[in-house]
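Hydrogens, waters and symmetry mates play no part in the numbers below; they use all other heavy atoms, side chains included. Quick note on labels: first sequence line is chain A, next is B, and so on, each numbered from 1.
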Amino acid sequence: MSETKTIQFSEETMATVQRLIKRYPEGRQKSALLPLLHIAQAEFDGWLSPAVMDYVAVILSIKPIEVYEVASFYTMYNLNPVGKCLIEVCQTGPCWSRGSDDIVEHFEKKLGIKVGETTSDGQFTLKTVECLGSCGTAPMLQCGGDFYENLTNDKVDTLIEKLRANGQRSTYMKDNRVM
Amino acid sequence: MGKKLLLEHINVPGIETFEVYRKQGGYASVEKALKTMTPDAVTEEVKKSGLRGRGGAGFPAGMKWSFLDRKSEKPRYLVCNADESEPGTFKDRYLMEKIPHILVEGMITSSFALGARTSYIYVRGEYMYVIRILEKAIAEAYANGFLGKNILGTDYSLDLYVQPGAGAYICGEETALLESLEGKRGNPRLKPPFPAIAGLYASPTVVNNVETIAAVVPIVNMGGDEYAKIGIGKSTGTKLISASGHINKPGVYEIELGLPVEEFIYSDEYCGGIWKGRKLKACVPGGSSVPILPGELLLKTAKGEQRLMTYESLSDGGFVSGSMLGSGGFIVYDETACIVRNLWTFARFYHHESCGQCSPCREGTGWMEKVLHRIEHGHGQASDIDLLVDVAKKIEGNTICPLGDAAAWPVASAIRHFREEFEFHVKHPEKVVNPKHFEITPFVSERVAVIG
Ligand SMILES: Cc1cc2nc3c(=O)[nH]c(=O)nc-3n(C[C@H](O)[C@H](O)[C@H](O)COP(=O)(O)O)c2cc1C
Ligand code: SF4
Ligand code: FES
């Protein structure tokens, strides 16, 4: 996927990166690692390939292993390619109590895939996640930094249509508004 | 109507903007503190207020502030904990989304009290849109002279930044949060040293919850003594409660501490009663980590006294017949809820979120998840129930950070109060194959009477 693309941030993104690094004291540029990985994931097809992680290591003057161990620790970083729209349905107690199991089942039926799989057209990846801090509007899901709440099967149908028509990759860093 | 200190202006259109927030009296605490008070005097007001940390542990905020090493040559930091990942808790998100400026204001006043020149708000990565809202609010505060060099013409200067997490509940634990803020895995640190001595970048640091910092605003405005008059005993002030589960009106409510639990659940001002006309079965009153209580023990203590929404009343009876106020994540279950399945989701959560440093937590949470999965899916054995109790006991107290305890308590309490339900699963596997089995054939224990 991204392997053919040169791995380099745009000038604009680079300016943001420099601004981010200044938020921390001298010599503490490693603190910018988490925000940088979010930005990298958004710019390079929604996942962090080893090459992308190495690139981030160079920018921050840290060892590649320091990036790998962080990238593999946090669930928001994808270490494998994902569909354009990563659908993450919350399944913890409060969401379960208001029917998240039904929502997951409905997605599986509509998309013809199981949890953890990607549709053959590469459009959707379905995942279950733990509490997203939206239990008062359960059941809910997250897709590209947007929360979809108080879900019903009808709302799921509309969402699938909307995302499919839009065709864009959903990302946390919408409109390139990087922090 | 109870007093509202944090959410008073929540419905004012445009309250998320600096202009409207300021018109409603916003940033008065910064003016008062910076122009008329010394940093120590601000800390003194927070001490007098009796404010207790709103992140879960309820540790007195003023006391925590007084532990900060003020003699050190190193810079001091205030870090706001907006990691909010405890299942059932969503109050900080609500506050930051609706009134971001109250947090920015609280950060400025609190940073002044602590002598911090750079402060960070660590927000869970999934709240990326909240991060945007905060960044906008911070930019407005800079533009209006409330952040940056020489705030309001005084010699106090402060920079404030938002830092995103990336999906790890453990980063809510304060030392894991500091590790994460330093760009590392969120592995909790061994204490001591405590953050007050060696926190962020090995410098003296205070970590406080969003709501704690926001509460500093009314405390400075009205004075600590006035604030302490609200509430009961050592539970002073107001508290945001995130209400979820089987109730008519899930949402975030600001209550005066001391409100009867029964009123909170059944009054139309708050949860509006149990949904679908059903009855109350159980409740986890303070976020997934605290012990679950059956309905009758939730509304009344074992001594038969009315249970109140306070730190003391909710923990009355200890873990035998009480629970905790915790983060205020109030999760309600109706008569059809399957306690075993709910517990399995929690066990899966803790297993997923364990950082893996300590073997009792890493392995124990895995075992609890597996055994609960087995019971819930109709393959359990009678001995599994005691096995769960045993594993929970062996995790408790044997780990670096309290996540281990947080994983053990829900299991121990669910079995303590609802053992029949676990036995029913083991004895009647054919009846529990459907995840909604209790909705289809209500399970009514003789001991655990349903309420309402
Ligand atoms: C596993 C774990 C998760 C935690 N998550 C949070 C959290 O999301 N937000 C929070 O404010 N405190 C959380 N805490 C509590 C913090 O460690 C810390 O006590 C708190 O931020 C202190 O702030 P306070 O004194 O204002 O409550 C967590 C603790 C543990 C052990
Ligand atoms: S108790 Fe669990 S989460 Fe906490 S440090 Fe140990 S392994 Fe990590
Ligand atoms: S349980 Fe789903 S958002 Fe909290």
Visitor: Sort out for me which of A/L37, A/T75, A/L33 touches chain B most, counting heavy-atom pairs under 4.5 Å.
Guide: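 Ranked by contacts with chain B, first place is A/T75.
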
Visitor: Testing the basics here: between B/D159 and B/G148, what is the closest heavy-atom pair and its distance to 0.1 Å?
Guide: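 Nearest pair, atom of B/D159 first, then B/G148: OD1-CA, 4.3 Å.
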
Visitor: Which residue out of A/Q142, A/E69, A/R28 racks up the most heavy-atom pairs below 4.5 Å with chain B?
Guide: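 Answer, by heavy-atom pair count under 4.5 Å with chain B: A/R28.
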
Visitor: May I ask you to say whether B/R124 pairs ionically with B/D92, meaning some side-chain N is under 4.0 Å from a carboxylate O?
Guide: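 No, B/R124 and B/D92 are not salt-bridged.
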
Visitor: Should the pair B/K91-B/E254 be classified as a salt bridge under the 4.0 Å nitrogen-to-oxygen rule?
Guide: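 No, this pair does not count.
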
Visitor: Got a sec, which residues hit side-chain hydrogen bond (donor to acceptor under 3.5 Å, both in side chains) with B/S85, two or more places apart in sequence or on another chain?
Guide: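 In terms of side-chain hydrogen bond (donor to acceptor under 3.5 Å, both in side chains), with neighbours along the sequence ignored, B/S85 is linked to B/D83.
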
Visitor: I'd like a table of donor-acceptor pairs (distance under 3.5 Å, sequence neighbours excluded) in which one partner is a side-chain atom from residues 198-205 of chain B, with atom names and distances.
Guide:
from   : atom 1 : to     : atom 2 : distance (Å)
B/Y201 : OH     : A/S31  : OG     : 2.6
B/S203 : OG     : B/Y201 : O      : 3.3
B/T205 : OG1    : B/L200 : N      : 2.8
B/T205 : OG1    : B/S203 : O      : 2.8

Visitor: Pick one of side chain, backbone, both or neither for A/Y24, based on which atoms fall under 4.5 Å of a heavy atom in chain B.
Guide: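 Backbone plus side chain of A/Y24, per the 4.5 Å heavy-atom cut-off to chain B.
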
Visitor: Against chain A, work out which of B/R348, B/K436, B/E353, B/Q163 has the most heavy-atom pairs shorter than 4.5 Å and name it.
Guide: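 Greatest number of close heavy-atom pairs with chain A: B/R348.
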
Visitor: Which of residues 155-168 of chain A have a heavy atom under 4.5 Å from any heavy atom of chain B?
Guide: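 Residues of residues 155-168 of chain A touching chain B at under 4.5 Å: none.
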
Visitor: With sequence neighbours excluded, tell me which residues meet ring-ring contact (aromatic ring centres under 6.0 Å, His included) with A/Y77.
Guide: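 Partners of A/Y77 by the ring-ring contact (aromatic ring centres under 6.0 Å, His included) criterion, ordered by chain and then number, come out as A/H38.
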
Visitor: If I measure from the heavy atoms of chain B, does A/Q91 come under 4.5 Å with its side chain, its backbone, both, or neither?
Guide: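 Both parts, backbone and side chain.
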
Visitor: Let me know if A/N150 has heavy atoms under 4.5 Å from chain B in its side chain, its backbone, both or neither.
Guide: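 Contact with chain B is absent: no heavy atom of A/N150 under 4.5 Å.
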
Visitor: Is it true that A/D154 and A/T152 share a donor-acceptor pair across their side chains at a distance under 3.5 Å?
Guide: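 Absent: no donor and acceptor within the cut-off.
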
